[in-house]
Amino acid sequence: MSERTACVERNTLETQVKVTINLDGTGKARFAIGVPFLEHMLDQIARHGLIDLDIECNGDLHIDDHHTVEDVGITLGQAFAKAVGDKKGMTRYGHSYVPLDEALSRVVIDFSGRPGLTMNVPYTRAVVGKFDVDLFQEFFQGFVNHALVTLHIDNLRGTNTHHQIETVFKAFGRALRMAIELDPRMAGQMPSTKGCL
């Protein structure tokens with residue numbers, strides 16, 4: 001089993017979340033969250049990032065999806081921070097452009113140790129099915145705050161909101177895959193002139 005794994009549990013009065021990840025996986029995914037559209041998007045991260053991902057969440061969905069979506073993002077970020085460890089030998093930066101029919105998105109990530117999110121996704125609808133698309137801002141904000149990454153997300157074009165979001169998550173998965181890749185030329189060195197991240 002890879003050393004770059006993590007299992008993190010986060011329990012509050014609103015949600016109980018458990019995330020298990022393997023950064024050097026094959027894209028296997030299992031979700032028990034209760035928010036189907038979120039699960040569909042998380043599957044894109046696993047498949048396109050080649051990250052094994054298992055997420056369980058028991059949240060207060062009788063109120064709405066907000067706490068569940070945000071807290072899954074937070075816990076996933078915590079799991080990434082734990083799994084990357086000291087980041088020695090890691091590529092650190094990743095980027096990807098992904099199209100889906102008329103939609104095109106770009107995601108750029110830096111495992112910088114500094115949380116920052118710039119997200120520009122001009123959704124053409126406020127909901128997909130019953131899912132409030134504004135919640136993805138909360139998901140990614142929770143992720144960057146706890147993974148300690150700088151993340152830029154831009155949907156460059158698109159008229160179908162589902163396509164807009166799916167290109168974002170596919171590009172996010174592929175950018176993650178590039179950033180967490182171990183670079184044999186780094187030979188265990190820290191990918192920073194400061195000597196730490």
Nearest atoms (heavy-atom pairs only) where [X] meets [Y]:
{"X": "Ala179", "Y": "Ile109", "result": "CB-CG2, 3.8 Å"}
{"X": "Phe80", "Y": "Ala147", "result": "CB-CB, 4.3 Å"}
{"X": "Ser112", "Y": "Thr150", "result": "OG-OG1, 2.9 Å"}
{"X": "Gly34", "Y": "Pro36", "result": "O-CD, 3.6 Å"}
{"X": "Gln164", "Y": "Thr124", "result": "OE1-N, 3.2 Å"}
{"X": "Ala6", "Y": "Ala79", "result": "CB-O, 3.4 Å"}

What distance do [X] atom [atom1] and [Y] atom [atom2] have between them, rounded to the nearest 0.5 Å?
{"X": "Leu182", "Y": "Met90", "atom1": "CG", "atom2": "CE", "answer": "8.5 Å"}
{"X": "Phe140", "Y": "Thr118", "atom1": "CZ", "atom2": "OG1", "answer": "13.0 Å"}
{"X": "Met41", "Y": "Gln44", "atom1": "CE", "atom2": "CD", "answer": "5.5 Å"}
{"X": "Arg106", "Y": "Ile153", "atom1": "CZ", "atom2": "CD1", "answer": "11.5 Å"}
{"X": "Lys87", "Y": "Arg4", "atom1": "NZ", "atom2": "CZ", "answer": "12.0 Å"}
{"X": "Asn11", "Y": "Lys18", "atom1": "CG", "atom2": "NZ", "answer": "10.5 Å"}

>> Angle between ring planes, Phe136 versus Phe131, binned at 30° and 60°: parallel, tilted or perpendicular?
In response: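 Judged by the thresholds at 30° and 60°, the geometry between Phe136 and Phe131 is tilted.
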
> Between Phe172 and Phe169, how do the two ring planes meet: parallel, tilted or perpendicular, split at 30° and 60°?
Replying inline: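 The arrangement is perpendicular - the two ring planes meet at more than 60°.
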
> Do we see a donor-acceptor contact under 3.5 Å between the side chains of Thr5 and Asn22?
Replying inline: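 There is no such pair (donor and acceptor under 3.5 Å, judged by atom type) between the side chains of Thr5 and Asn22.
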
Counting only N and O atoms by type, is there a donor-acceptor contact under 3.5 Å from the side chain of [X] to the main-chain atoms of [Y]?
{"X": "Arg10", "Y": "Gln78", "result": "no"}
{"X": "Arg174", "Y": "Ser96", "result": "no"}
{"X": "Asp52", "Y": "Asp24", "result": "no"}
{"X": "Gln137", "Y": "Met119", "result": "no"}

May I ask whether [X] and [Y] are part of the same hydrophobic cluster, defined by side-chain heavy atoms of I, L, V, M, F, W, Y residues being less than 4.5 angstrom apart, directly or through others?
{"X": "Phe31", "Y": "Val128", "answer": "yes"}
{"X": "Val8", "Y": "Leu42", "answer": "no"}
{"X": "Leu151", "Y": "Ile74", "answer": "no"}
{"X": "Val144", "Y": "Met178", "answer": "no"}
{"X": "Val149", "Y": "Leu117", "answer": "yes"}

Validation row: [X], [Y] side chains within 4.5 angstrom (heavy atoms):
{"X": "Pro99", "Y": "His163", "answer": "no"}
{"X": "Glu70", "Y": "Leu135", "answer": "no"}
{"X": "Ile180", "Y": "Ile51", "answer": "yes"}
{"X": "Asp65", "Y": "Leu38", "answer": "no"}
{"X": "Val72", "Y": "Val35", "answer": "no"}
{"X": "Pro122", "Y": "Asn155", "answer": "yes"}
{"X": "Arg177", "Y": "His48", "answer": "no"}
{"X": "Leu176", "Y": "Phe111", "answer": "yes"}

If you count heavy atoms of other groups shown closer than 6.0 angstrom to [atom1] of [X], is the number above 12?
{"X": "Arg125", "atom1": "CZ", "answer": "yes"}
{"X": "Ile63", "atom1": "CD1", "answer": "yes"}
{"X": "His40", "atom1": "NE2", "answer": "yes"}

> Of Val107, Ile165, Val98, which is the lone residue that meets side chain to side chain contact (heavy atoms under 4.5 Å, CB included) with Lys170?
Replying inline: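 The side chain to side chain contact (heavy atoms under 4.5 Å, CB included) with Lys170 is passed solely by Val98 among Val107, Ile165, Val98.
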
> Other than Leu104, what residues sit in its cluster of Ile, Leu, Val, Met, Phe, Trp and Tyr side chains whose heavy atoms are under 4.5 Å apart, directly or through others?
Replying inline: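 Direct or chained contacts put Leu104 with Tyr97, Leu156.
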
> Other hydrophobic cluster members with Met190, side-chain heavy atoms of Ile/Leu/Val/Met/Phe/Trp/Tyr under 4.5 Å, chained?
Replying inline: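 Same cluster as Met190: Leu197.
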
> Taking Thr15 as the fixed residue, which of Asn58, Asp71, Asp60 is the one that meets the side chain to side chain donor-acceptor pair (under 3.5 Å) rule?
Replying inline: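 Exactly one option meets the side chain to side chain donor-acceptor pair (under 3.5 Å) with Thr15, and it is Asp71.
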
